[in-house]
Amino acid sequence: MAWADVLSESTQNLTHQTRPTQPAYLPPHLRQLVARGGRSNRNSFPPPAGPNFNQRQTATPYDIITEKLDQVELTVDGNNNSDVINLDAYEDVPVEATGSDIPPAVKSFGEIQMCEALNENIKRRKYVKPTPIQRHAIPIVMAGRDLMACAQTGSGKTAAFCFPIISRILRDRFDQVVSVRNGVRTRIAYPTSLILSPTRELSCQIHDEAKKFSYQTGVKVVVAYGGAPMAQQFYNLEKGVDILVATPGRLVDMIERERVSLKMIKYLALDEADRMLDMGFEHQIRKIVQQMGMPPPGTRQTMLFSATFPDDIQRLASDFLSNYIFLTVGKVGSSTDLIAQRVELVQDMEKRSHLMKLLSTQKANGSRGKPALTLVFVETKRGADALEHSLSMNGFPAIAIHGDKVQRERERALRSFKSGATPILVATDVASRGLDIPHVAHVINFDFPKDIDDYVHRIGRTGRAGNSGMATAFFSDKNMPLAKALVEVMQEAKQEVPSWLSQCAQNFVGSVRSSRYGRSKFGGSDFRSSQNDYYYPSSNSNGDANSFVDTYANVYNTGGYGAPTSFDNYASAGGRSSNADYYGAHNPPGPYAHYSTADDYPPANIDAFAARSNGNEYGYGSIVASGWD
DNA sequence: CGCCCTT
């Protein structure tokens, strides 16, 4: 059966299973969807106007204001461990938002109208004060707007899209939906929110986070990714799902098997969005977002997040968005002031011996009686295995992670690294984005990446949540074309650039596309700013390309933020794939029968909740678990 | 290019 037919048929037979306290309700976006017969959404360029397209307010000229935030007292109660939040880490973070009718930022979580259960979870996670990206992004999403956001690595992006998604799910109280075909209920799950990420481990991490934020809210979070048996993931879906966190391949598979439908999607978030739209992923993402029944832009809300957002990718991404706000928070790539970047000229033949020399010198410098965690990035999977072997043979406890390993081995490697059992992790770019590994002291770019953005993401594995970190890059003759881009990244982060590297950069001027960072102080700039005539062709009567785009920029002093550094006791599980023991025995599978309310939710507290899912039979306990503590 | 992404 063709896709459209499947969708059409199941849509006509959608049944809304009312949650206990709410009457049946058909969301507006689905009414439209049904009327269209579920035809696939083919976006055009420029994108269709969103709901607010014709309600744009009077023109506001480009304005730059300076704002000093009130100092918010930061207390981390009950946090007696040795982690220290660096209060000064995020001072002078530049913020720029472009688009129409930009909702103002908030200064505290209290200003955001979120439900009490969510606020409680925020407190439980010891989030005292929103990070800059959270302060700006949450109000935008809460206001119903589409968003393209650039924020430093390690600055709290996950929560920035999870909070408002959970909050709006609770506000709207979407029913769990089931469909009926020929009088028989299908096994299709209808999530209302979808979060996509480029790697399995990152999807797991996002799931664990989202799960903790949704504790005692009744919001159901399920993760689906490849390399693991489908059965448990199906089972979790059958128990009902509000938020589905997934990697693209497994999601497509599940949709084609008619176990997941995107027809009810109201909120779509792409994490590492530039990667998701880059070569190798774009086709799959377009298929998921545009050709598998998802409501089109304007009838769903779309959020794209990354630390980097090159112009060409922004252009692709705008297909998915409607009247969006572009937000950039913080300098290029990470809390880079916190990462000491070094570059060493090392020829390929000498890299191994040089690495071992480097590792020897830092061996003695571990903290808290444990060796410092060192993450070594290489170019290829084979190279990862080879280097792992070489290091191990020479007395350096190393383990490799890459896409040729089976999932169990990938997660085992990550766990072994996080626990300190194997304090050296040799990784391909599977580990370069998004993974929050506490206490990574040193990132070594053994093979310099082909794309400077990958460099930014890789070094962002250290220096997280206000902690400092170190990054060392081995730079060889082969890498000369990237010298200029590297110099620019380092200068943005106020790093000392070795003179030989500056010389290399000059020698290779013009030999490679100019850096995308040249024009902006920030992680990216709104590509619409040079193309407003194209994007808003009919709204502008006076010919001023900027006249209807409200723009503001804040330069402010955050005084640090309450990013938790010691919440790993919460992070120790996440409930992936094993709430079966709570539900299975007394509740038959079915989307709404299991919808839990705050009162009947089984676990006694968030720790118990989080701990439940460790050590299930497939070994997929948390891989986001605590590092040292 | 190789890296990731269903079986």
Side-chain angles (χ1 to χ4, degrees), chain A residues 3 189 194-207 222-234 237 244-262 270-289 291-292 306-308 310 313 348 375-387 400-411 413-414 425-435 445-458 460-461 476 478-482 512-513 623:
Chain A
W3 242 107
L194 178 64
I195 300 171
L196 293 171
S197 93
T199 65
R200 299 164 182 174
E201 288 78 9
L202 183 52
S203 281
C204 290
Q205 177 179 300
I206 295 165
H207 168 260
V222 175
V223 67
Y225 56 92
M230 281 217 189
Q232 184 66 56
Q233 295 173 7
F234 282 150
L237 287 168
L244 178 59
V245 185
T247 49
R250 176 57 63 96
L251 177 63
V252 168
D253 196 359
M254 284 183 162
I255 296 170
E256 288 177 341
R257 289 170 189 247
E258 295 186 47
R259 298 301 296 262
V260 170
S261 164
L262 303 181
L270 300 192
D271 200 10
E272 309 297 343
D274 58 332
R275 178 76 186 90
M276 301 298 275
L277 292 166
D278 200 356
M279 237 181 49
F281 268 127
E282 186 202 348
H283 178 75
Q284 278 177 298
I285 299 302
R286 276 194 188 278
K287 182 173 180 180
I288 290 168
V289 176
Q291 296 165 15
M292 299 191 99
S306 184
T308 54
I313 304 291
D348 293 331
L375 181 47
V376 182
F377 280 105
V378 296
E379 195 62 29
T380 66
K381 292 175 280 199
R382 278 184 55 188
D385 282 333
L387 189 56
I401 184 170
H402 58 71
D404 273 354
K405 287 196 167 190
V406 297
Q407 191 58 20
R408 185 193 291 270
E409 292 303 309
R410 283 166 62 159
E411 301 193 358
L414 208 44
L425 182 68
V426 183
T428 62
D429 276 321
V430 70
S432 65
R433 284 172 173 264
L435 294 188
N445 274 291
F446 184 88
D447 296 323
F448 201 83
K450 295 273 190 291
D451 185 326
I452 195 64
D453 285 342
D454 290 334
Y455 172 82
V456 169
H457 285 274
R458 285 176 175 187
R461 293 320 96 209
S476 79
K478 266 188 354 198
N479 308 123
M480 288 307 164
L482 278 168
V512 74
R513 61 159 168 61
I623 53 162

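Bear in mind that the values here come from a model prediction, so they are computed numbers and not experimental data. Within every chain, numbering begins at 1; the chains are lettered A, B, ... in the order of the sequence lines, protein sequences first and strands thereafter.
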Enquirer: Judged by atom type as modelled, is there a donor-acceptor pair below 3.5 Å linking the side chain of A:Lys405 to the main-chain atoms of A:Ala400?
Expert: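 Checked: pair present.
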Enquirer: In whole angstrom, give the distance that lies between atom CG of A:Leu251 and atom C1' of B:dC4.
Expert: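 To the nearest whole Å, that distance equals 16 Å.
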Enquirer: Starting from P on B:dC4, measure out to CD1 on A:Ile285 and report it in whole angstrom.
Expert: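 Rounded to the whole Å, the gap is 16 Å.
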Enquirer: Choose from B:dC3, B:dT7, B:dC5 the nucleotide whose nearest atom is closest to any side-chain atom of A:Arg275.
Expert: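 Nearest nucleotide to the side chain: B:dC3.
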Enquirer: Would you say a side-chain N or O of A:Lys287 is under 4.0 Å from OP1 or OP2 of B:dC5?
Expert: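 Answer no for this pair, as no side-chain N or O of A:Lys287 is under 4.0 Å from OP1 or OP2.
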Enquirer: If you look at every strand shown and take non-hydrogen atoms under 4.0 Å, does A:Glu379 touch a base, only sugar-phosphate, or nothing?
Expert: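 The answer is sugar-phosphate, as A:Glu379 gets under 4.0 Å only of primed atoms, P, OP1 or OP2.
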Enquirer: Roughly how far, to the nearest 0.5 Å, is the CD1 atom of A:Ile288 from the CG atom of A:Leu196?
Expert: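 If I round to the nearest 0.5 Å, the distance is 5.0 Å.
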Enquirer: Do the side chain of A:Arg250 and the base of B:dC5 come within less than 3.5 angstrom through a donor-acceptor pair of N or O atoms?
Expert: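 There is none.
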Enquirer: From the options B:dC1, B:dG2, B:dC4, select the nucleotide whose nearest atom is closest to the side chain of A:Val430.
Expert: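 My answer, after comparing the listed nucleotides, is B:dC4.
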Enquirer: What's the CG-P distance between A:Asp278 and B:dC4, to the nearest Å?
Expert: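 It is 14 Å, rounded to the nearest whole Å.
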Enquirer: From the set B:dT7, B:dC1, B:dC4, return the single nucleotide nearest to any side-chain atom of A:Thr428.
Expert: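 Shortest atom-to-atom distance from the side chain points to B:dC4.
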Enquirer: Whole Å only: how far is the CE atom of A:Met254 from the P atom of B:dC5?
Expert: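 Spelled out: CE on A:Met254 to P on B:dC5 is 15 Å.
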Enquirer: How many whole angstroms separate atom CZ of A:Arg200 from atom C1' of B:dC4?
Expert: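 Those two atoms, CZ and C1', are 9 Å apart.
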Enquirer: Whole Å only: how far is the CD1 atom of A:Ile401 from the C1' atom of B:dC5?
Expert: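 To the nearest whole Å, that distance equals 15 Å.
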Enquirer: Contact class for A:Arg410 vs. all strands (heavy atom < 4.0 Å): base, sugar-phosphate, or nothing?
Expert: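 Sugar-phosphate: the residue A:Arg410, judged by heavy atoms under 4.0 Å, touches backbone atoms but no base.
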Enquirer: From CG of A:Leu277 over to P of B:dC4, roughly how many Å is that when rounded to an integer?
Expert: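 Rounded to the whole Å, the gap is 19 Å.
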Enquirer: Any base atoms under 4.0 Å from A:Met276, or only sugar-phosphate, or nothing? Heavy atoms, all strands.
Expert: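 Since no nucleic acid heavy atom lies under 4.0 Å of A:Met276, the category is nothing.
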Enquirer: Using a strict threshold of under 4.0 Å (side-chain N to carboxylate O), is an ion pair present between A:Asp429 and A:Arg458?
Expert: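 Looking at A:Arg458 and A:Asp429, the cut-off is met.
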Enquirer: Kindly say if A:Thr199 contacts the phosphate of B:dC5, meaning a side-chain N or O under 4.0 Å from OP1 or OP2.
Expert: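 No.
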Enquirer: Please state how far atom CG in A:Asp453 lies from atom C1' in B:dC1, giving the value in whole angstrom units.
Expert: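 So the CG-C1' distance, A:Asp453 to B:dC1, works out to 17 Å.
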Enquirer: Look up atom OG1 in A:Thr199 and atom CD in A:Glu272, then write down how far apart they are to the nearest 0.5 Å.
Expert: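 With rounding to 0.5 Å, OG1 (A:Thr199) is 8.0 Å from CD (A:Glu272).
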Enquirer: Any chance the side chains of A:Asp274 and A:Thr308 put a donor and an acceptor closer than 3.5 Å?
Expert: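 Judged by distance alone, the side chains do pair up.
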Enquirer: Side-chain N or O of A:Arg382 versus OP1/OP2 of B:dG2: is the shortest distance under 4.0 Å?
Expert: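 So the side chain of A:Arg382 is outside the cut-off, no N or O lying under 4.0 Å from OP1 or OP2 of B:dG2.
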Enquirer: Measuring from the side chain of A:Thr380 (C-beta onward, heavy atoms only), which nucleotide among B:dC5, B:dC4, B:dC3 has the closest atom?
Expert: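 The answer is B:dC3.
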